Amino acid sequence: MTVSEYCRHEAKWRDLVIIRKGGWVTCSAYIDHEDLFRLPLDIAEAEVIRAKRSYIDIETHGSGAWDVPCTYLDIK
């Protein structure tokens, strides 16, 4: 399954998808209410080798970091 297919069929509305290659974050996508997202072509067509639900720390203005639910996709 490609990243684009995963985002279209497996991700849910309002999901934050973090894409990693070789353990490094390379891209992210937020799935909006119309299941629209934009990714670079090389990442969109990359094969997903693992998907994992987890959290990512997001820095906010004034109130520190929040743990935000997300899906990590590891790609080839």
Side-chain angles (χ1 to χ4, degrees):
M1 175 178 293
T2 67
V3 172
S4 186
E5 290 170 336
Y6 185 94
C7 288
R8 250 191 247 109
H9 302 294
E10 301 295 327
K12 309 274 189 286
W13 171 53
R14 297 173 68 177
D15 271 358
L16 176 61
V17 179
I18 307 296
I19 299 136
R20 301 184 293 197
K21 184 172 184 174
W24 294 93
V25 174
T26 59
C27 192
S28 64
Y30 179 76
I31 311 303
D32 77 2
H33 66 286
E34 295 176 344
D35 290 339
L36 297 176
F37 53 90
R38 176 172 277 172
L39 296 169
L41 187 58
D42 62 325
I43 292 175
E45 295 179 349
E47 184 179 339
V48 174
I49 55 176
R50 186 172 83 130
K52 177 184 174 187
R53 296 285 297 167
S54 189
Y55 293 88
I56 188 169
D57 288 335
I58 302 293
E59 189 68 31
T60 63
H61 292 288
S63 60
W66 289 2
D67 286 336
V68 176
C70 67
T71 300
Y72 285 99
L73 297 182
D74 292 309
I75 62 174
K76 282 188 173 181

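Being a predicted model, the structure only gives us computed values, none of them experimental.
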Q: Write down the atom of I43, the atom of C27, and the distance for their closest heavy-atom approach.
A: CD1-CB, 3.6 Å
Q: Name all residues meeting the side-chain hydrogen bond (donor to acceptor under 3.5 Å, both in side chains) criterion together with R14; count only those two or more places apart in sequence or in a different chain, and write none if there are none.
A: none
Q. Could you give the distance from OG1 (T2) to NE2 (H9), rounded to the nearest 0.5 Å?
A. 8.0 Å
Q: Say whether L39 and Y6 are linked into one hydrophobic cluster, either directly or through other cluster members, by side-chain heavy-atom distances under 4.5 angstrom.
A: yes
Q | Connected via hydrophobic side-chain network under 4.5 Å: I18 and I58 | A | yes
Q | Value rounded to 0.5 Å, distance of CD1 in I19 from OG1 in T71 | A | 10.5 Å
(Q) Among I75, D74, L73, exactly one meets side-chain contact (heavy atoms from CB on, under 4.5 Å) together with R50. Which residue is that? (A) D74
Q. Is it the case that one hydrophobic cluster holds both V25 and V48, taking links as side-chain heavy atoms less than 4.5 Å apart, direct or via other members?
A. no
Q. Hey, any chance Y72 and L16 share a hydrophobic cluster, counting ILVMFWY side chains that come within less than 4.5 Å of each other, even indirectly?
A. yes
Q: Write down the atom of R53, the atom of P69, and the distance for their closest heavy-atom approach.
A: NH2-CB, 4.3 Å
Q.
I need the minimum non-hydrogen distance between R20 and G23, along with the two atoms involved.
A. CD-O, 4.2 Å
Q) Considering all heavy atoms of both residues, which atom of I31 and which atom of K12 are nearest to each other, and what is their separation? A) CB-O, 3.6 Å
Q: For residues A65 and E59, report the shortest heavy-atom separation together with the two atoms involved.
A: CB-OE1, 3.9 Å
